[in-house]
Amino acid sequence: LGGFLQATLRPTNTLTLVGGVRRDRFDYDVEPYDVVFGAPGLRPGGQGRATGTSWNIGATLEYLPGRNVFASYAQGFSIPELGFAANSIRPGVPISGSNFVAPIKVESFEAGVRGGRSTVRYALSGFYARSDNGASASVNPATGIAELIRAPQRNYGLEASIDVSPSSRFDAGLAVAWTDGENDANNDGVFLPLGSLQIPPLTISVTSSWRPVERLEFTGQLLFAGDRDRARRTRVDSFEISSYATLDLGASYRTGFGVFSLFVNNVLNDFYL
């Protein structure tokens, strides 16, 4: 259950300020249970509640017509996914009061630039987020089962995109996204890379759409996902994420009775994980 107040202020024609506050309450009730994947044995379950208040503030400045820079600070409040948390608890241990279901309080910062001119639009942004009690997943090498890790955590990343529309019948776009992060799972002050279960590799996507005649549209997307072995090199992961590329194609035709569509994902039938 949550409620929030959000406000927007425009002191000048080129400056926009936003800010708000949110109040959240999470209630849970878990009956006694056993797990399919994990140490066998009855867990007593339990009840609990978590409440928190979070704030956000941001600003956007239009330094030229159609072009602006922005920055924001935001807090987040949540609890981990309950099914994952319940599976990580040992037999005989109640879920109520467990650190596995303790609230996640996050601070995040974001800044960037976006705009466009004529037939070109672009955006570039970066973010940094931190938490004193983050939630991440790690594969236990002894069991091969993913477990929930509660520890100080930081995440960061960059996103960039550019879109062009040279005519009303054709447009294309390029997008790049990169994220990474670390946590201090042993609470010893040493941050190690987060595992590849929750950190995606670098991704680059090229999209396009072509409308040769009215009502008919062809679309395509080429996606490249890079490799990631940072977590494996530090023995956080026992596996490495290998790079791959997929090609998706589609077509759609609008009629008076609706839209008829055909899409083929992974046209080249590439195998990837």
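Reckoned from all heavy atoms, side chains included, excluding hydrogens, waters and symmetry mates.
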Worksheet entry | Within 6.0 angstrom of F239 CZ, more than 12 heavy atoms from elsewhere | yes
Worksheet item: Between the side chains of S209 and R211, does any donor sit under 3.5 Å from an acceptor?
Response: yes
Fill in: Close side-chain approach of L247 and N266, heavy atoms under 4.5 Å
no
Worksheet item: What orientation do Y156 and Y128 show, parallel under 30°, tilted 30 to 60°, or perpendicular over 60°?
Response: parallel
Discussion item. Please evaluate residues R130 and D132 with respect to the criterion salt bridge (charged side-chain N to carboxylate O under 4.0 Å, His left out), reporting the C-alpha separation (whole Å), side-chain torsions for both, the decisive distance (0.1 Å), and the verdict.
Written reply: CA-CA 7 Å; R130 62 168 300 277; D132 292 331; 2.5 Å; yes
Fill in: Interatomic spacing from CG in D229 to CD1 in I241 - rounded to 0.5 Å
10.5 Å
Discussion item. With no hydrogens and no angle check, just 3.5 Å: does a side-chain donor-acceptor pair link E182 and N155?
Written reply: no
Item to complete: To the nearest 0.5 Å, tell me how far L148 CG sits from F100 CZ.
Response: 6.0 Å
Discussion item. For residues I204 and L124: do they belong to one hydrophobic cluster (side chain heavy atoms under 4.5 Å, members Ile, Leu, Val, Met, Phe, Trp, Tyr)?
Written reply: no
Worksheet item: For E31, does the CD atom sit with more than 12 other heavy atoms under 6.0 Å from it, leaving out its own atoms?
Response: no
Fill in: Flag, side chain of R43 to backbone of G41, donor-acceptor distance under 3.5 Å
yes
Practice prompt. List the steps, then state whether side chain to side chain contact (heavy atoms under 4.5 Å, CB included) holds for K105 with N133.
Written response: CA-CA 7 Å; K105 300 177 182 179; N133 197 16; over 6 Å; no
Response to the item:
Between the CG atom in L1 and the CZ atom in R25, the distance rounded to the nearest 0.5 Å is 5.5 Å
Worksheet item: Which class fits the ring pair Y272 and Y244: parallel under 30°, tilted 30 to 60°, perpendicular over 60°?
Response: parallel
Worksheet item: Can you name the closest pair of heavy atoms from A151 and D184 and give their distance?
Response: CB-O, 3.3 Å
Item to complete: Give a yes or no on this: more than 12 heavy atoms of other residues, nucleotides or ligands lie within 6.0 Å of atom CG of L5.
Response: no
Worksheet item: What closest approach, in Å, do A225 and P201 show between heavy atoms, and which atom pair accounts for it?
Response: CB-CG, 4.2 Å
Worksheet entry | Side chains of R23 and T53, donor plus acceptor under 3.5 Å | yes
Worksheet item: Do the numbers put R114 on top of the ring of F70, so that NZ or CZ is under 6.0 Å from the six-membered ring centre and no more than 45° off the axis?
Response: yes
Worksheet item: Hey, are E240 and R235 close enough for a salt bridge, meaning a charged N less than 4.0 Å from a carboxylate O?
Response: no
Worksheet item: Does any non-hydrogen side-chain atom of R169 lie less than 4.5 Å from one of P212?
Response: no
Fill in: ILVMFWY network linking I95 to V93, side-chain heavy atoms under 4.5 angstrom
yes
Discussion item. Using 0.5 Å steps for rounding, measure from the OG1 atom of T246 to the CG atom of N265.
Written reply: 8.0 Å
Practice prompt. State, with a plain yes or no, whether a side-chain heavy atom of Y122 is found less than 4.5 Å away from one of D163.
Written response: no
Worksheet item: Hey, are the side chains of S108 and Q75 touching, using non-hydrogen atoms and a 4.5 Å cut-off?
Response: no
Worksheet item: Are R228 and S196 linked by a side-chain donor-acceptor pair shorter than 3.5 Å?
Response: yes
Discussion item. Quick one, N68 with V113, criterion side chain to side chain contact (heavy atoms under 4.5 Å, CB included). Give me CA distance, side-chain angles, the key distance, then yes/no.
Written reply: CA-CA 6 Å; N68 58 66; V113 58; over 6 Å; no
Worksheet item: Within the side chain of S165, is there an N or O that forms a donor-acceptor pair under 3.5 Å with the backbone of S167?
Response: no
Item to complete: Give the cluster check for F218 versus V213: same hydrophobic cluster or not, with ILVMFWY residues linked at side-chain heavy-atom distances below 4.5 Å.
Response: yes
Fill in: Polar contact flag, side-chain donor to acceptor under 3.5 angstrom, N183-S136
yes
Discussion item. Could you check whether atom CH2 of W210 has more than 12 heavy atoms from other residues, nucleotides or ligands sitting under 6.0 Å from it?
Written reply: no
Fill in: Worked verdict on E107 versus S131 for side chain to side chain contact (heavy atoms under 4.5 Å, CB included)
CA-CA 6 Å; E107 290 183 300; S131 175; over 6 Å; no
Worksheet item: Does the side chain of L82 come within less than 4.5 Å of V101's, by heavy atoms?
Response: yes
Worksheet item: Salt-bridged, R232 to D237, with N to O below 4.0 Å?
Response: no
Practice prompt. Spell out, as yes or no, whether a donor-acceptor pair under 3.5 Å connects the side chain of R150 to the backbone of A102.
Written response: yes
Worksheet item: Is the count of non-hydrogen atoms from other residues, nucleotides or ligands lying under 6.0 Å from E62 atom CD greater than 12?
Response: yes
Worksheet item: If you look at every heavy atom in S54 and D24, which pair is closest and at what distance?
Response: OG-OD2, 4.5 Å
Worksheet entry | hydrophobic_cluster_shared for I199 and I149, side chain cutoff 4.5 Å | no
Practice prompt. May I ask you to check whether over 12 heavy atoms, not counting those of Y63, lie within 6.0 Å of atom OH?
Written response: yes
Worksheet item: Does some side-chain heavy atom of S138 sit less than 4.5 Å from a side-chain heavy atom of E147?
Response: no
Worksheet item: Would F109 and Y73 count as a close aromatic pair, with their ring centres under 6.0 Å?
Response: yes
Worksheet entry | pair F260-S252: side-chain heavy atoms closer than 4.5 Å | no
Discussion item. Within the 4.5 Å heavy-atom criterion, are V190 and N186 side-chain neighbours or not?
Written reply: no
Discussion item. Would T14 and L61 count as a side chain to side chain contact (heavy atoms under 4.5 Å, CB included) here? Give the steps.
Written reply: CA-CA 6 Å; T14 59; L61 176 65; 3.9 Å; yes
Worksheet item: Can you name the nearest heavy-atom pair linking V35 to A86, along with the distance?
Response: CG1-O, 4.4 Å
Discussion item. Distance check, rounded to the nearest 0.5 Å: L249 atom CG versus T219 atom OG1?
Written reply: 7.5 Å
Discussion item. Does atom CG (N13) have a neighbourhood of more than 12 heavy atoms from anything else shown, all under 6.0 Å?
Written reply: no
Discussion item. Please determine whether the number of non-hydrogen atoms from other residues, nucleotides or ligands lying under 6.0 Å from atom CZ of R117 exceeds 12.
Written reply: no
Discussion item. If I compare all heavy atoms of P193 with all of T234, which pair ends up nearest, and what's the gap?
Written reply: CD-OG1, 3.4 Å
Worksheet item: If you look at every heavy atom in V106 and A129, which pair is closest and at what distance?
Response: CG1-CB, 4.0 Å
Fill in: N87 (side chain) donor-acceptor with F37 (main chain) under 3.5 angstrom
yes
Practice prompt. Look up atom OG1 in T60 and atom CG in L17, then write down how far apart they are to the nearest 0.5 Å.
Written response: 8.5 Å
